[in-house]
Amino acid sequence: MYRDMTCGEPRGTDVGKIITLSGWVHRRRDHGGLTFIDIRDFSGLMQVVFNEDTATDAHALAGDLRSEWVIQVKGAVQERRPGAENPDLPTGAVELIASELTILNRSSTPPFEVEDDVNVADETRLRYRFVDLRRPRMYKNLKLRHDVIQSARTYMTNTGFLEIETPILLKSTPEGARDYVVPSRVHPGSFYALPQSPQQLKQLLMVSGVDRYFQFAHCFRDEDLRADRQPEHTQIDLEMSFVEQEDVLQVLEGLYTTMVRETRPDLEVPTPFPRMAYAEAIERYGSDKPDIRFGMEVARLTEIVSDSGFGVFESIASAGGAIRAIVAPGCADYTRRQTDALIEFVKSSGAQGLIPMHISPDVTSLEEVTLDDIRSPIRNHLSLETLKAMAEAAGAGPGDLMLIVAGPESVVNTAISNLRGEMGRRLELADPNVFSFLFVVDFPLFEWDDDRDGWAAMHHVFSSPRPEDVELLDSDPGVVLGQLYDLVLNGVELGSGSIRIIDRAVQEKVFELIGHSPEQVEERFGQLLRAFEYGAPPHGGMGLGLDRIVMLLAGEENIREVIAFPKTQAAVDPLFDAPGVITDEQLRELSIRVVNPGG
RNA sequence: GGCCCCGUGGUGUAGCGGUCCAACACGCCGCCCUGUCAAGGCGGAGAUCGGCAGUUCGAAUCUGCUCGGGGUCGCCA
């Protein structure tokens with residue numbers, strides 16, 4: 001038996017007990033004849049006292065101890081001397097008077113201290129992840145992730161869902177992201193692909209009569225990484241039969257309010273979750289995943305400035321571009337240095353630049369504003385009337401700072417919505433204790449793909465158009481809205497879903513519009529279409545990023561912090577040094593020859 | 001693929017043309033120390049400043065390339 005309780009457990013009520021603890025040496029404070037050791041495990045810290053007079057052997061051995069050695073200590077729980085209590089520790093009222101010490105294992109000097117506030121390079125942390133994860137914050141994140149999964153699993157079970165695992169080794173269905181592939185030994189030249197999501201499998205389960213499916217599904221996408229994107233991530237994947245869009249949204253609202261309530265009861269979750277049309281989200285926020293905890297909506301100035309006489313605006317407007325702005329309230333006193341930083345920010349979001357427009361706080365209303373009250377690089381290119389009209393359209397007044405971005409519509413929307421998020425953070429406009437979920441609905445079914453010069457599915461090819469839009473598939477595919485929905489939380493996209501197509505004619509129309517040949521359709525979707533010939537129930541579902549919701553619940557800004565063994569931006573695991581080369585023998589078995597290795 | 005930021009003992013930083021065979025804190029090693037909890041005191045070891053090439057009388061410092069890390073645009077149905 002290694003221990004009677006964990007290191008964080010002993011309390012005043014345990015005084016007088018003889019107990020054994022096991023854990024890591026967190027810190028040693030050696031006073032000569034008296035040595036203190038903080039012994040640590042996942043549950044916390046306990047102070048152990050080694051006294052030369054009363055436990056000579058143990059005290060001598062304690063002198064050898066070093067950080068992160070693994071030890072076992074037996075002793076009596078004792079109340080601390082008056083004045084020696086440590087109110088910062090849950091165990092701080094007591095200490096263990098050691099009588100016996102066993103060294104269970106030694107440790108090399110750790111590369112960094114096991115403390116929450118140490119600032120260590122990400123790569124070093126990942127290389128020594130086993131040390132990194134000993135930090136209380138990381139353990140807390142792992143525990144939170146477990147609790148979230150547990151909460152979701154219970155809720156789904158209670159709501160009639162069946163948890164079903166689906167294959168990791170399956171087939172490439174080139175569509176969307178790049179696949180990770182696995183060569184087949186038995187079938188030379190053939191490859192499995194790891195699932196980007198279990199999309200077709202869960203639909204097959206609906207045809208199989210499962211009725212309600214869910215899974216914590218590992219999904220693999222060979223695309224570039226971001227703070228919120230890893231090459232493999234976990235989705236709460238679900239699918240339901242005999243449902244309409246609103247039925248799915250109801251389940252999601254219940255699931256997410258329950259998860260938050262059970263894991264972060266201190267947070268406020270406004271319900272019901274509002275629904276916002278995609279078009280409205282783009283118009284008001286320039287984004288399909290707006291943070292609705294604060295206003296600062298994005299104004300559209302294109303029409304106001306399209307005939308303003310200012311060539312830059314006119315040419316952008318006539319080319320179909322957009323001129324949009326947000327208002328930073330009370331920020332007219334921003335210095336050149338501050339606005340330059342914002343310009344750099346929007347450039348990093350892909351925009352050409354940013355035009356600041358300061359409105360003096362020395363007037364009482366917009367009507368009184370003269371050219372002298374406006375500070376902006378465009379002041380001399382536009383009439384006072386136009387400048388005022390712009391301010392009015394954006395809702396800017398005296399003392400405010402307008403931030404204007406111009407260019408192609410999509411570029412402007414990306415940049416200005418990112419800028420809105422950044423200003424929201426700088427001005428602390430969003431309450432961190434409020435979790436504002438939002439359903440974005442009525443997404444277009446198709447988006448124009450310039451590269452392929454054709455229509456592409458916005459979500460995926462099985463997403464159903466709204467019934468009232470079906471006839472538009474022939475005449476005007478671009479305006480067809482789908483039974484497509486996203487769940488968004490505080491500016492973060494948590495997941496997407498849809499009601500699926502089960503009508504053969506509609507499905508063929510969609511394939512045709514996207515430009516899939518019958519051969520491609522058979523190759524990629526044959527199995528599902530065949531299943532659909534045998535009685536597919538109406539169904540729909542969703543895939544939701546688990547890592548992202550845990551990240552938000554943990555108050556972290558990077559999903560690496562809530563994944564036990566994540567990868568670097570170059571998709572490398574520094575601990576395993578993965579990916580790595582394989583032996584010639586392995587290559588031979590797989591009938592693979594590496595061309596241009598290392599290049 | 002593009003853009004931005006970072007790379008100096010184990011860790012985190014300072015130094016930004018010569019006064020640097022590199023400074024500070026923590027950590028590490030040794031000695032002392034019976035009430036500390038970021039223990040304390042004294043002493044010590046530890047870095048060819050990511051790599052390569054160049055500019056210069058002289059490079060941690062300037063330039064180019066390159067490698068690694070982070071952020072981001074594209075990409076991610």
Side-chain angles (χ1 to χ4, degrees), chain A residues 26-38 45-54 59 63 66-68 80-89 91-92 95 97 108-115 117-128 131 173-179 196-197 199-200 219-231 233 341 344-352 410-411 414-415 418 422 443 445-447 449-451 455-463 482 484 493 496-498 510 514 524 543 545 557-558 560 567-570 572 574:
Chain A
H26 185 65
R27 220 176 277 282
R28 184 174 59 121
R29 292 178 294 280
D30 190 342
H31 289 238
L34 194 67
T35 299
F36 298 94
I37 299 285
D38 292 334
L45 287 180
M46 175 73 177
Q47 172 162 283
V48 183
V49 184
F50 293 89
N51 192 314
E52 189 172 26
D53 299 335
T54 58
H59 175 267
R66 293 294 182 269
S67 286
E68 301 306 313
R80 292 200 188 185
R81 296 179 175 189
E85 303 91 348
N86 186 341
D88 296 333
L89 289 180
T91 61
E95 59 194 5
I97 307 301
S108 299
T109 300
F112 48 83
E113 291 175 72
V114 180
E115 289 284 353
D117 55 356
V118 292
N119 168 23
V120 184
D122 272 44
E123 196 193 3
T124 310
R125 291 179 55 199
L126 293 186
R127 193 177 300 284
Y128 296 94
V131 175
T173 57
E175 180 93 22
R178 229 173 267 117
D179 286 316
Q196 296 177 23
S197 80
Q199 184 59 41
Q200 291 192 45
C219 302
F220 305 86
R221 294 174 189 179
D222 187 5
E223 298 292 345
D224 289 346
L225 287 79
R226 288 285 189 283
D228 61 354
R229 273 163 35 191
Q230 283 273 311
H233 73 286
E344 281 312 304
F345 181 87
V346 298
K347 280 184 177 173
S348 78
S349 286
Q352 285 289 313
S410 62
V411 173
T414 298
N418 286 348
E422 174 68 12
F443 276 81
L445 201 55
F446 305 103
E447 57 187 344
D449 183 344
D450 284 330
D451 294 339
W455 294 107
M458 186 94 164
H459 182 52
H460 66 71
V461 292
F462 297 110
S463 294
L484 276 174
E493 181 195 317
S496 305
S498 67
V510 168
I514 294 174
R524 297 173 190 182
E557 293 185 344
N558 195 304
R560 285 192 301 267
K567 291 179 177 57
T568 68
Q569 196 164 80
V572 164

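Per chain, numbering begins at 1; letters A, B, ... match sequence-line order. Quantities reported herein were computed from a predicted structural model and do not represent experimental measurements.
Ranked by how close their nearest RNA chain B nucleotide is to the 5' end, A:Glu447 and A:Val572 are led by A:Val572. Between A:Ser410 and A:Pro110, the residue anchored closer to the 5' end of RNA chain B is A:Pro110, taking for each the nucleotide with the nearest heavy atom.
Residue-level contact check: A:Arg125 touches neither bases nor backbone, having no heavy atom under 4.0 Å from any strand. No engagement by A:Ala351 is indicated, since no non-hydrogen atom pair under 4.0 Å with the nucleic acid exists. If you check every strand for non-hydrogen atoms under 4.0 Å, A:Ala121 touches sugar and phosphate atoms only. Residue contacts shown for A:Gln230 are absent, as no nucleic acid heavy atom lies under 4.0 Å away.
Comparing B:G1, B:C29, B:G35 by their closest approach to the side chain of A:Arg66 singles out B:C29. Nearest nucleotide to the A:Asn119 side chain, out of B:G69, B:U13, B:G1: B:U13. Considering only the side chain of A:Arg81, B:G35 comes nearest among B:G69, B:G12, B:G35. Taking every side-chain heavy atom of A:Ala227 into account, B:U72 is the closest of B:U72, B:G12, B:G69. With distances taken from any side-chain atom of A:Asn418 to the nucleotides B:G70, B:U36, B:C73, the minimum falls on B:C73. Comparing B:G35, B:G69, B:C75 by their nearest atom to the side chain of A:Glu223 picks out B:C75. Considering only side-chain atoms of A:Arg80, the nucleotide from B:U11, B:U36, B:G70 that sits closest is B:U36. Of the candidate nucleotides B:G35, B:C76, B:G27, B:G27 has the atom lying nearest to any side-chain atom of A:Glu113. Of the candidate nucleotides B:G35, B:G12, B:A38, B:G35 has the atom lying nearest to any side-chain atom of A:Glu95. Residue A:Thr568 has its side chain nearest to B:G69 when only B:G69, B:U11, B:U72 are considered.
Under the 3.5 Å distance criterion, the side-chain polar atoms of A:Arg28 are left unmatched by any main-chain donor or acceptor of A:Thr35. In this structure a side-chain-to-backbone donor-acceptor pair under 3.5 Å is present from A:Gln230 to A:Lys567.
Taking atom C1' in both B:G9 and B:C21, one finds a spacing of 14 Å when rounded to whole Å. Across the P atoms, B:G64 and B:A38 are found 47 Å apart, a figure rounded to whole Å. B:A25 sits 13 Å from B:G43 when the P atoms are compared, rounded to a whole Å. Taking atom P on both nucleotides, B:C75 is separated from B:C67 by 25 Å, rounded to a whole Å. Separation of the P atoms belonging to B:U11 and B:U48 is 12 Å when rounded to the nearest angstrom. Between B:C5 and B:C65, the distance separating the two P atoms is 14 Å to the nearest Å. On the P atoms, B:G71 is 22 Å away from B:U66, given to the nearest whole Å. For the C1' atom pair drawn from B:U19 and B:C26, the interatomic distance equals 28 Å after rounding to whole Å.
B:G35 atom P lies 12 Å from atom NE2 of A:His59, rounded to whole Å. A:Phe220 places its CZ atom 16 Å from the C1' atom of B:C76, with the value rounded to the nearest Å. Distance A:Arg27 CZ to B:U36 P: 16 Å, rounded to the nearest Å. Atom CG in A:Asn51 sits roughly 15 Å away from atom P in B:U36 (whole-Å rounding). Counting to the nearest Å, the P atom of B:G12 and the CZ atom of A:Phe112 are 9 Å from each other. Taking atom CZ of A:Arg226 as the reference point, atom C1' of B:C4 lies 13 Å away to the nearest angstrom. The separation between A:Glu344 atom CD and B:C73 atom P is 15 Å, rounded to whole Å. We find that CG of A:Asp30 is positioned 13 Å from C1' of B:G35, with the value rounded to whole Å.
Of all non-hydrogen atoms in A:Ala227 and A:Glu557, the two that sit nearest each other are CB-O, 4.0 Å. Across every non-hydrogen atom of A:Gly32 and A:His59, the tightest pair is O-NE2, 2.7 Å.
Between the side-chain ring of A:His31 and the base of B:G35, no stacking contact exists by the 5.5 Å and 30° definition. In this structure, A:Phe36 counts as stacked on the base of B:U36 under the 5.5 Å centre distance and 30° plane angle limits.
Taking 4.0 angstrom as the limit, A:Asn558 places a side-chain polar atom (N or O) nearer than this to OP1 or OP2 of B:G71. Between A:Arg29 and the phosphate of B:G40, there is no side-chain N or O to OP1/OP2 separation shorter than 4.0 Å. Put simply, A:Thr109 has no side-chain N or O that comes within less than 4.0 Å of OP1 or OP2 on B:G10. Between A:Ser67 and B:C28 there is a side-chain N or O to OP1 or OP2 distance below 4.0 Å. Here A:Gln569 reaches the OP1 or OP2 of B:G71: one of its side-chain N or O atoms lies under 4.0 Å away.
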message = Is there a salt bridge (charged side-chain N to carboxylate O under 4.0 Å, His left out) between A:Asp224 and A:Arg229? Walk through the geometry before answering.
response = CA-CA 8 Å; A:Asp224 289 346; A:Arg229 273 163 35 191; over 6 Å; no
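Between the side chain of A:Asn86 and the base of B:C37 there is at least one donor-acceptor pair of N/O atoms closer than 3.5 Å. No donor-acceptor contact under 3.5 Å links the side chain of A:Glu557 to the base of B:G71. Donor-acceptor pairing under 3.5 Å, judged by distance alone, is present between the side chain of A:Arg229 and the base of B:C76.
As the counterpart of B:G68, B:C6 is assigned, both hydrogen-bonding distances of the Watson-Crick or G-U wobble pattern falling under 3.5 Å. Base pairing of B:C75 is not made with any nucleotide, judged by Watson-Crick or G-U wobble geometry with both donor-acceptor distances under 3.5 Å. Of all nucleotides present, only B:U13 satisfies the Watson-Crick or G-U wobble test against B:A23, with each distance under 3.5 Å.
Between A:Arg125 and A:Pro574 there is no side-chain heavy-atom pair separated by less than 4.5 Å.
Atom CD of A:Gln569 and atom CZ of A:Arg560 lie 7.5 Å apart (nearest 0.5 Å).
For A:Phe36, the ring pair (Phe, Tyr, Trp, His ring centres under 6.0 Å) test picks out A:His31, with sequence neighbours left out. Scored by the ring pair (Phe, Tyr, Trp, His ring centres under 6.0 Å) test, A:Phe446 finds no partners at all (sequence neighbours excluded).
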